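Worth saying up front: this structure is predicted, and the values here are computed from it rather than measured.
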Amino acid sequence: MGDTGPRHSGGVCIEGSPWIWQLLQQCVGNAWEYWSVIVGLLSITCFLFAALPQLYVAHTNGRVDQALSLGFLLCWFGGDFTNFVGCYLTNQLPLQIITAILYVNMDIIMISQFSYYKLKNNRLKGNGSLKGICILWVVLSITLSIILPSQLLLKKHDKNTDVEVNQKTIGITEMSGFICGYVSSVFYLGSRFPQLHKNFHRKSTEGTSYLLFALAMLGNCTYGMSLLLKLPAVRHHKSQYIIHHLPWLIGSFGVLILDFFMTAQFIIYQKNKTNKTKDLFAIEVEPLLVDEKEI
């Protein structure tokens, strides 16, 4: 079976899906590529909303600095930032670039909230200027999430129209991008260990939202699947494709495995919390039962 990809010329996708071409500038010519985009969009949705439950929980209890590990947030941000740089330099799928930008913006919002409550709890009372700084970060992040994807994709499209460029320059740029991709994988894999350690040290997951990790698991799973669904039919092209996307496959599926350990912690510590509540209830009720027998 030959590699019969979609044809496009003059900025128009001739045999692909029109709405995908207009939205993502990606020419999709078969069912596998079509579902790759659909699953990829599901991944974006998962990651876009993954942080919202944690932001809400942190806002409710005001102790996010005690629940989340700063190493977890910083490694996550480092992974997302180098992931974005790597995607852009190695000419990855438009969907990957958009996803990477959204990741970075959500990380900025979470780190801003963490810093706010850290400073607020240390000062014992809120500070108006501190709130202003955090609100400014949030507004900046939302603005970037709207402007940057369109600008970068337009530049990417302009570059693709000029195919006769220096091959040596392309090689250096792509090599730098792959290095960033592997660095991002290390950051992603390393981000879970500080949080796993903090949960283990506290013997609790209180203050953290499991939906953050559940949606991250679903997002990583669908993200990896969206890459695998685009595997070309020819075996030679398969190996090239996997090598080209290997850092991002390691990052997505590797973190997915570590998040199963995070899930186990939530289950174990929730059971411990339930047992402690039952024991406390038994201690409080037992004197009442003794008094009733004496009467």
Point to revise | Over all atoms of both residues, closest heavy-atom pair of A50 and A216 | key: CB-N, 4.4 Å
Review point. When hydrophobic residues are tied together by side-chain contacts of less than 4.5 Å, even through go-betweens, does V64 share a cluster with Y56?
Key: no
Check your understanding: Do Y241 and L227 touch side chain to side chain, with heavy atoms closer than 4.5 Å?
Key -> yes
Study note, to complete from the structure: CG of D107 to OG of S112, rounded to nearest 0.5 Å, is 10.5 Å
Check your understanding: Counting only N and O atoms by type, is there a donor-acceptor contact under 3.5 Å from the side chain of Q54 to the main-chain atoms of G207?
Key -> yes
Check your understanding: Which value, rounded to the nearest 0.5 Å, describes the distance between I108 atom CD1 and S115 atom OG?
Key -> 11.5 Å
**Study point:** Considering all heavy atoms, the nearest I243-P247 contact
**Key:** O-CD, 4.2 Å
Check your understanding: Same cluster for F114 and V57 if Ile/Leu/Val/Met/Phe/Trp/Tyr side chains link at under 4.5 Å?
Key -> no
Practice item. Give me the ring orientation class for H201 and H197: parallel if the planes are under 30° apart, tilted from 30 to 60°, perpendicular past 60°. Key: parallel
Exercise for review: To the nearest 0.5 angstrom, please state how far the CD atom of E206 sits from the CG atom of N61.
Suggested key: 7.5 Å
Practice item. Determine, using the 4.5 Å side-chain heavy-atom cutoff (strictly less than), whether I111 and L52 are members of one ILVMFWY cluster. Key: yes
Check your understanding: In terms of hydrophobic clustering (I, L, V, M, F, W, Y; side-chain heavy atoms under 4.5 Å; direct or indirect links), are L196 and L211 co-clustered?
Key -> no
Check your understanding: Under a 4.5 Å cut-off applied to non-hydrogen side-chain atoms, are S184 and Y188 in contact?
Key -> yes
Practice item. Evaluate the side-chain proximity of F260 to M217: yes if any heavy-atom separation is below 4.5 Å, no if none is. Key: yes
Review point. Checking ring pair (Phe, Tyr, Trp, His ring centres under 6.0 Å) for the pair Y103/F47: CA distance, chi angles, key distance, verdict?
Key: CA-CA 7 Å; Y103 296 169; F47 280 112; 4.5 Å; yes
Point to revise | Straight-line distance of L246 CG to F178 CZ, nearest 0.5 Å | key: 9.0 Å
Revision key, fill the gap. One should read off an interatomic distance between W35 CH2 and K230 NZ, to the nearest 0.5 angstrom, of 15.5 Å
Point to revise | Close side-chain approach of Q66 to R202, heavy-atom, < 4.5 Å | key: no
Exercise for review: Identify the two heavy atoms, one from T222 and one from L218, that lie closest to each other, and give their separation to 0.1 Å.
Suggested key: OG1-O, 2.8 Å
Review point. Does some side-chain heavy atom of F253 sit less than 4.5 Å from a side-chain heavy atom of N220?
Key: no
**Study point:** Sidechain-backbone polar pair: S36 side chain, W32 backbone, donor-acceptor under 3.5 Å
**Key:** no
Practice item. Answer yes or no for K203 and F200: cation-pi contact, defined as NZ/CZ to six-membered ring centre under 6.0 Å and angle to ring axis within 45°. Key: yes
Revision key, fill the gap. Separation between OG (S204) and CZ (F266), nearest 0.5 Å, reads 9.0 Å
Exercise for review: Assign the ring pair Y34 / W19 to parallel, tilted or perpendicular, where the plane angle (0 to 90°) is split at 30° and 60°.
Suggested key: perpendicular
Review point. Given the rule in the side chain to side chain contact (heavy atoms under 4.5 Å, CB included) test, do Q195 and T208 qualify, once you have shown the distances and angles that lead to the verdict?
Key: CA-CA 10 Å; Q195 189 61 43; T208 57; 4.0 Å; yes
**Study point:** Where C221 and L256 come nearest, the two heavy atoms and their spacing
**Key:** CB-CD2, 4.1 Å
Check your understanding: Can E33 and I20 be said to form a side chain to side chain contact (heavy atoms under 4.5 Å, CB included), step by step?
Key -> CA-CA 11 Å; E33 292 182 346; I20 293 178; over 6 Å; no
Practice item. Give a yes or no answer on whether the side chain of S43 reaches the backbone of V39 with a donor-acceptor pair at less than 3.5 Å. Key: no
Study note, to complete from the structure: When every non-hydrogen atom of S185 is compared with those of G251, the smallest separation belongs to OG-N, 3.7 Å
Revision key, fill the gap. Of all heavy-atom pairs linking A51 and M110, the shortest is CB-SD, 3.5 Å
Practice item. Answer with yes or no whether the side chains of Y210 and T263 bring together a donor and an acceptor at under 3.5 Å. Key: yes
Review point. Same cluster for M106 and L70 if Ile/Leu/Val/Met/Phe/Trp/Tyr side chains link at under 4.5 Å?
Key: yes
Exercise for review: Evaluate side chain to side chain contact (heavy atoms under 4.5 Å, CB included) for T82 paired with V85, printing each intermediate quantity in order.
Suggested key: CA-CA 5 Å; T82 50; V85 175; 5.5 Å; no
**Study point:** Parallel, tilted or perpendicular: rings of F77 and F81 (30°, 60°)
**Key:** parallel
**Study point:** L249 side chain reached by L228 side chain, heavy atoms, under 4.5 Å
**Key:** yes
Review point. Do F213 and T205 pass the side chain to side chain contact (heavy atoms under 4.5 Å, CB included) test, and can you show the C-alpha distance, the side-chain angles, and the key distance before you say yes or no?
Key: CA-CA 12 Å; F213 299 100; T205 56; over 6 Å; no
Review point. Do L74 and F187 have side chains that get closer than 4.5 Å, going by heavy atoms?
Key: no
